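Here's the structure, in structure tokens; my notes come after.
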Amino acid sequence: MPNNHDVTHICHAAEDDKNIGHPLLDGLNAVQREAVLHHEGPLLIFAGAGSGKTRVLTHRIAYLIAERGIAPWNIFAVTFTNKAAKEMKERLGKLVSERRAKAIWAGTFHSTSARLLREFGENIDVPRNFLIYDDSDQLHLIRDSLRELNIDEQKFAPRAFLAHISESKEKMVSPAAWTAPKGGQFYGHFRSVYILYQEKLRQNSALDFDDLLSETVRLLETCPHVLKTLQDRFQYILVDEYQDVNYAQYRMLSLLAKKRRNICVVGDDDQSIYLFRGADVGLILKFEEDYPDALILKLEQNYRSTQNILEAAYSVVSQNSKRKEKKLWTENPQGGLIVIHEAANEKEEAHWLLQRILDEVRYKDRKLSDFAILYRTNAQSRALEDMFRNFVTPYKIVGGMRFYERREVKDVLAYMRLVHTPTDSVSLKRIINVPARSIGATSIKAIEDSARASGVSMWEALQQTHSIPGLLPRARLRLNDFALMIRKLQEEKDHLRVTELLQHILDSTGYLDALELDKSIEGRSRAENVREMFSVTQEFEKQNELPTLTSFLEQISLVADIDSLDVDTEAVTMMTLHSSKGLEFPVVIIAGMEQNLFPHVRSHGNPYEMEEEYRLCYVGITRAKEELFLTHTSRRTMFGMLSNSSPSEFLKHIPRHLYNPPRGKSTRTEKRALSSFDPDEPDQDQVFQWHESPKVPANVSNEAEKPVFTVGDKVKHPVFGKGVILSTEGIGVNSSAKIAFANQDIKNILLEYTKLDKMP
DNA sequence: GATGCTTACGTTTTT
DNA sequence: CGTAAGCATC
């Protein structure tokens with residue numbers, strides 16, 4: 001089986017179309033063509049996983065431009081991630097021209113909203129230099145609000161307020177319109193917290209993620225001239241992943257599409273996985289009501305996966321009651337069996353799947369980049385990463401501890417934000433004493449109180465330290481120095497490129513110098529991360545025609561983890577199931593298929609959330625093109641506590657004939673289980689039975705020519721150089737050795753995959 | 001005001 | 001287990 005067949009090669013076009021021969025319709029099936037050719041009026045496309053919807057969307061846009069003479073700047077394409085927008089433009093560049101592809105409006109709801117508010121926000125008193133507050137910024141504001149309102153943080157979790165505020169905004173419920181549900185002190189406090197939080201956002205010239213959407217809706221609703229301008233601008237609207245749209249986004253679309261009604265939405269109710277973020281599957285099902293004249297198309301032919309994989313996916317998602325019945329079909333081969341594997345614990349799980357991957361690379365000519373490991377929670381990546389690092393196998397990870405969430409990066413960004421938007425007191429408070437300039441909590445409190453008393457921002461209060469009561473003379477001096485430094489940077493900001501500004505900030509604050517004094521490992525990596533910021537700004541300046549500070553900060557606030565995933569790197573990809581939406585891989589491994597983990601324990605007892613877990617599983621399975629591995633453990637350590645785990649209920653819905661036979665409890669297995677690394681030998685034999693490629697018996701092949709190593713042997717590793725064997729483990733393919741290298745590193749090396757020379 | 005120690009607490013999923 | 005916030009001490 002070819003490793004990276006493109007869908008284009010196995011698409012078969014219907015023969016009977018009058019437009020046959022048009023390059024934009026080439027290789028499309030009949031339904032896909034209809035979607036491309038549909039001219040004016042609403043269009044709803046149910047597009048199953050792997051049914052070529054991105055192709056349909058890009059070809060449809062290309063057709064509008066090339067054949068119908070629609071100006072690219074009159075087309076608005078909403079994608080789910082920035083990455084998807086970028087890819088769409090790249091593909092369009094090849095279909096029409098790069099210049100025209102660049103001119104279309106493509107982006108996420110959030111980035112488009114930010115752009116519109118930057119352009120028109122002044123109509124509704126959104127300042128031009130607004131910042132976008134992320135989760136942790138929001139929490140700061142909530143905490144401040146709770147303190148101000150004398151609400152006990154211990155009794156009422158700040159997160160709970162934030163979640164409920166977010167929910168309210170998604171549904172476009174203002175503090176005034178909000179009505180308290182019955183009972184509970186929480187709701188008694190809620191309105192005042194909501195109001196104060198909103199007030200603080202305004203004072204800081206900041207919008208949160210939800211504001212981007214709700215303020216845009218408010219803009220469209222309250223300013224008819226803006227609405228008209230935008231209705232004329234966005235003559236053709238195309239929306240991807242419509243099943244994950246929330247109410248505010250829905251309102252925004254309705255307003256924009258009202259005049260011309262050229263709205264084309266694509267989605268799949270089986271792939272709705274953002275309920276927690278306000279996504280409402282009901283909206284895609286309501287589209288027909290909203291637009292009774294809509295053309296409705298269904299893309300049900302799958303070009304991605306084998307029949308076995310599709311059947312497994314269907315067997316899971318069809319358990320749900322609230323879904324539009326549909327079943328994908330494919331002309332693809334049946335494919336090999338799915339492999340379900342139980343490991344003793346998360347370490348062994350990681351070890352097993354790493355081995356599987358290396359086996360396939362070795363015997364089936366796979367590349368590391370053919371593999372994706374998916375999991376339910378980010379925390380699961382730790383065991384995987386440890387194992388990959390130990391065995392020196394390249395991997396790339398989406399999410400987890402994000403670059404922009406690191407303390408040092410946030411600090412540097414806070415300086416940039418403060419220079420850009422002085423009213424941003426969250427940033428100000430963050431860095432006013434970083435690096436330490438002897439400005440302590442008492443002084444900060446004094447500024448805050450004084451600012452509140454006179455109704456100005458902290459930054460404004462700082463300009464007149466003499467009128468702040470309770471400041472010691474020395475503190476006053478320090479504060480003046482700080483204010484002067486920031487003012488200088490503010491004066492420069494418009495004449496400098498972002499990279500230069502970053503340099504000036506580091507120079508005048510001494511931030512990097514302070515970090516470099518710390519010689520510890522963390523200290524070094526912090527300094528490294530700050531220097532990495534220069535790559536970020538330089539890359540930004542290269543990629544953007546108008547690389548302003550405003551757009552830099554905006555882009556950083558709105559990047560998704562997935563946006564920076566580099567598909568070209570030769571490495572295994574690891575990410576959450578959520579992040580994997582829209583992607584595909586020849587081989588997919590879903591790890592942690594356990595009850596209470598996936599489906600997640602928090603979804604138990606909530607039928608809506610349980611159905612979402614099933615959809616999430618469906619999304620995960622349908623990422624796979626050729627092979628699927630599902631692993632679970634019998635015991636897993638969570639929160640530092642070891643607990644028993646049982647196989648996920650998803651597994652029992654997969655028909656027996658689709659996966660590998662259960663491994664027999666042979667004495668061999670039991671013996672093996674006693675040895676240190678559970679190599680799970682019988683299972684491995686079965687794995688290879690269903691491969692078409694000739695199997696090289698793994699544990700026989702090289703054993704003869706491989707030297708045997710014992711503790712104390714001196715060896716030479718092709719990458720790490722000279723070392724000494726500290727200990728050995730495992731048998732055959734699984735044998736590994738702990739080796740101490742000359743550079744002090746101690747690593748576990750899988751002997752099977754490393755050319756290790758014995759030295760005299 | 002800085003530093004170091006203790007404790008409490010948490011993990012869904014993300015624009 | 002690992003982190004972050006909180007407290008006591010210098």
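Values in this document were obtained by computation on a predicted structure and should not be read as measured data. So that the names make sense, note that chain A is the first sequence line, chain B the second, and so on, each numbered from 1.
The pair A/R417-A/D424 counts as a salt bridge, with a side-chain nitrogen and a carboxylate oxygen less than 4.0 angstrom apart.
In this structure, the aromatic ring of A/F276 is positioned over the six-membered ring of the base of B/dT13, centres within 5.5 Å and planes within 30°. Residue A/H600 and nucleotide B/dT12 are classified as a stacked aromatic pair, their ring centres being separated by less than 5.5 Å at an interplanar angle below 30°.
Within the 4.0 Å cut-off from OP1 or OP2 of B/dT15, not a single side-chain nitrogen or oxygen of A/S557 is found. Phosphate proximity of B/dT14 to A/S579: present, with a side-chain N or O under 4.0 Å from OP1 or OP2. Residue A/N378 places at least one side-chain N or O under 4.0 Å from the OP1 or OP2 atom of B/dT13. Residue A/T576 has no polar side-chain atom (N or O) positioned under 4.0 Å from OP1 or OP2 of B/dT12.
Under a cutoff of 6.0 Å and an axis angle of 45°, A/R437 and A/F482 do not form a cation-pi pair.
The interatomic distance linking A/E405 (CD) with C/dT3 (P) rounds to 13 Å, in whole Å. Following rounding to the nearest Å, A/L616 (CG) and B/dT12 (C1') show an atom-to-atom distance of 10 Å. Per the geometry, CD belonging to A/Q380 stands 19 Å off P belonging to C/dC1, to the nearest Å. Atom CD of A/E612 and atom C1' of B/dT13 are 8 Å apart (whole Å). Atoms CZ (A/R147) and P (C/dA5) sit 11 Å apart, rounded to a whole Å. As rounded to whole Å, 12 Å separates atom P of B/dT15 from atom CG of A/D135. In this structure, CE of A/M638 is placed 15 Å from P of C/dG2, rounded to the nearest angstrom. The nearest whole Å value for the distance from the CG atom in A/L374 to the P atom in B/dT14 is 12 Å.
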Using nucleotides 7-10 of chain C, report all nitrogen or oxygen pairs with the protein that are shorter than 3.5 Å.
none

For nucleotides 2-8 of chain B, tabulate all protein N/O to nucleotide N/O atom pairs closer than 3.5 Å, reporting atom names and distance.
from	atom 1	to	atom 2	distance (Å)
B/dA2	OP1	A/N433	ND2	3.4
B/dA2	OP2	A/N433	ND2	3.3

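Listed nucleotides: B/dG1, B/dT11, B/dT14. Nearest to the side chain of A/R602: B/dT11. Listed nucleotides: B/dT12, B/dG1, B/dT15. Nearest to the side chain of A/T377: B/dT12. Taking every side-chain heavy atom of A/T108 into account, B/dT15 is the closest of B/dT15, B/dT11, C/dG2. For A/R382, counting side-chain heavy atoms from C-beta on, the closest listed nucleotide (B/dT14, C/dG2, B/dG1) is C/dG2.
A/A379 comes within contact range of at least one nucleobase, with a heavy-atom separation under 4.0 Å. Across all strands shown, A/T637 has no heavy atoms under 4.0 Å from either base or sugar-phosphate atoms. Backbone-only contact: A/Y274 has heavy atoms under 4.0 Å from sugar-phosphate atoms and none from a base. Residue contacts shown for A/S443 are limited to sugar-phosphate atoms, with no base heavy atom under 4.0 Å away. At the heavy-atom level, A/E609 lies under 4.0 Å from base atoms of the strands shown.
Looking at A/R615, A/K581, A/R323 one by one, the single match for salt bridge (Lys or Arg N to Asp or Glu O under 4.0 Å) with A/D270 turns out to be A/R323.
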- Task: Dump the intermediate steps for side chain to side chain contact (heavy atoms under 4.5 Å, CB included) on A/D240 and A/V78, then the final yes or no.
- Result: CA-CA 6 Å; A/D240 195 9; A/V78 192; over 6 Å; no

- Query: What do the steps show when you test A/D449 against A/K445 for salt bridge (charged side-chain N to carboxylate O under 4.0 Å, His left out), and what is the final call?
  - Reply: CA-CA 6 Å; A/D449 289 344; A/K445 183 85 175 25; 3.1 Å; yes

- Message: As a quick check of understanding, evaluate side chain to side chain donor-acceptor pair (under 3.5 Å) for A/E241 and A/Y274, giving each step before the final call.
- Response: CA-CA 11 Å; A/E241 309 280 9; A/Y274 284 101; over 6 Å; no

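Under the side-chain contact (heavy atoms from CB on, under 4.5 Å) criterion, A/L275 pairs with A/Y608, A/E609, A/E612, not counting sequence neighbours.
In this structure, CG on A/L374 lies 10.0 Å from CG on A/L630, to the nearest 0.5 angstrom.
Within the 4.5 Å cutoff, the side chain of A/M458 has heavy atoms near those of the A/I444 side chain.
Put simply, the side chain of A/T108 never gets that close to the backbone of A/F80: no donor and acceptor are under 3.5 Å apart.
Under the 30°/60° scheme for interplanar angles, the aromatic rings of A/Y614 and A/H653 are found to be tilted.
Checking A/T81 against A/T442, the closest nucleotide of DNA chain B that is more toward the 5' end is the one next to A/T442.
Rounded to whole Å, the separation between the P atoms of C/dA4 and B/dT13 comes to 16 Å.
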